Amino acid sequence: MGALSSAVFASRNPDKARELEQLLPGWRVEPLIAGTFPPETGTSYYENAHGKAHYGRSLEKRPLWVIGEDSGIEVAALDWGPGVFSARFGGDDPVGRMLTALEGIEGEGRRARYISELVAISPHGEELRGSGTLLGRIGHQPRGSEGFGYDPVFLPEGKERTVAELGNAWKRGNSHRARAARALLEALGS
Ligand code: IMP
């Protein structure tokens with residue numbers, strides 16, 4: 001595969017491409033240039049991640065890997081939802097929406113997990129995957145300023161600080177996406 005491999009990341013979010021590059025040592029990751037992206041209508045993270053990778057593969061003519069990702073949060077009291085609907089559930093105010101949904105709920109009901117699924121498709125159409133989970137619980141008030149989405153109310157297992165307090169450097173080593181990236185690297189044999 002060579003010392004430095006290249007991939008195109010099929011996401012409309014350039015920050016995520018930069019983040020993924022940091023999570024895949026030895027890889028150069030550039031965002032896919034595309035006017036539109038397919039809607040995320042799958043019923044699983046894998047389906048959505050595969051849909052994005054497949055779409056990128058159809059546009060990318062260079063012999064590079066194409067990677068798609070999907071992620072979400074699952075909470076015990078919400079029947080382990082919103083899951084694949086996390087982006088739509090949270091809207092402009094993911095933290096407020098989550099705290100309101102869990103009002104009056106204590107203990108086990110606040111158990112939560114972040115999930116990330118990565119799908120990579122080679123220039124020849126070979127497909128590899130990597131999945132990652134971060135276990136934790138939902139706190140009672142937002143704390144911290146780093147990360148995004150639900151991070152100010154997500155406390156990883158064994159921690160008394162939120163992901164937003166633990167920060168981006170901690171996320172690079174420990175997040176669901178970091179774990180999925182490590183699993184993908186293992187599948188890639190690099
Ligand atoms: P998507 O993978 O871009 O579809 O986003 C899924 C949604 O899950 C995001 O909009 C966030 O609400 C949530 N999410 C996924 N990963 C994270 C994370 O690392 N921190 C906080 N929220 C996340």
Side-chain angles (χ1 to χ4, degrees), residues 9-24 29 31-32 34 36-56 66-76 78 80-102 110-120 129-139 141-157 159 161-184:
F9 186 48
S11 164
R12 64 178 92 244
N13 184 343
D15 292 335
K16 273 197 180 180
R18 254 193 308 279
E19 183 187 279
L20 192 64
E21 187 168 73
Q22 290 172 341
L23 296 177
L24 294 172
V29 180
L32 177 74
T36 56
F37 281 85
E40 293 182 22
T41 51
T43 55
S44 68
Y45 304 108
Y46 168 73
E47 235 180 282
N48 284 335
H50 177 266
K52 288 181 225 178
H54 196 72
Y55 177 70
V66 179
I67 301 177
E69 191 254 2
D70 196 36
S71 55
I73 190 169
E74 303 180 349
V75 181
L78 306 179
W80 294 107
V84 286
F85 307 113
S86 295
R88 270 165 279 172
F89 172 86
D92 290 341
D93 183 18
V95 166
R97 180 82 201 273
M98 183 61 75
L99 290 177
T100 303
L102 296 185
R110 298 187 86 94
R111 279 174 53 214
R113 56 195 179 217
Y114 275 136
I115 312 273
S116 167
E117 182 78 35
L118 288 166
V119 172
R129 318 167 44 164
S131 309
T133 300
L134 178 65
L135 300 176
R137 65 187 195 282
I138 304 297
Q141 57 269 312
R143 293 201 315 250
S145 57
E146 294 195 30
F148 66 94
Y150 303 94
D151 288 344
V153 287
F154 190 100
L155 295 114
E157 220 170 41
K159 303 280 181 203
R161 291 195 290 163
T162 67
V163 171
E165 289 177 300
L166 290 163
N168 294 328
W170 184 90
K171 278 189 94 172
R172 276 197 290 281
N174 301 280
S175 75
H176 44 312
R177 241 178 315 282
R179 290 165 194 216
R182 281 200 289 272
L184 181 63

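Computed from a predicted structure; not experimentally measured. Order of listing sets the numbers, starting from 1, for every ligand and every atom in it.
- Side-chain N or O atoms of Tyr150 include one that pairs as donor or acceptor with a backbone N or O of Ser86 at under 3.5 Å.
- A donor-acceptor contact shorter than 3.5 Å links the side chain of Arg110 to the backbone of Gly139.
- In this structure Ser131 satisfies the side chain to side chain contact (heavy atoms under 4.5 Å, CB included) test together with Glu117, sequence neighbours excluded.
- A donor-acceptor contact shorter than 3.5 Å is absent between the side chain of Asp151 and the backbone of Val163.
- Protein residues with a heavy atom closer than 4.0 Å to ligand 1 are Lys16, Glu40, Glu69, Asp70, Ser71, Gly72, Ser86, Ala87, Tyr114, Phe148, Gly149, Tyr150, Asp151, Lys171, His176, Arg177, listed by chain and number.
- In this structure Arg143 satisfies the side chain to side chain contact (heavy atoms under 4.5 Å, CB included) test together with Gln141, Leu155, Thr162, Glu165, sequence neighbours excluded.
- Under the rule for a side chain to side chain contact (heavy atoms under 4.5 Å, CB included), the partners of Arg179 that lie at least two apart in sequence or sit in another chain are Leu134, Asn174, Arg182.
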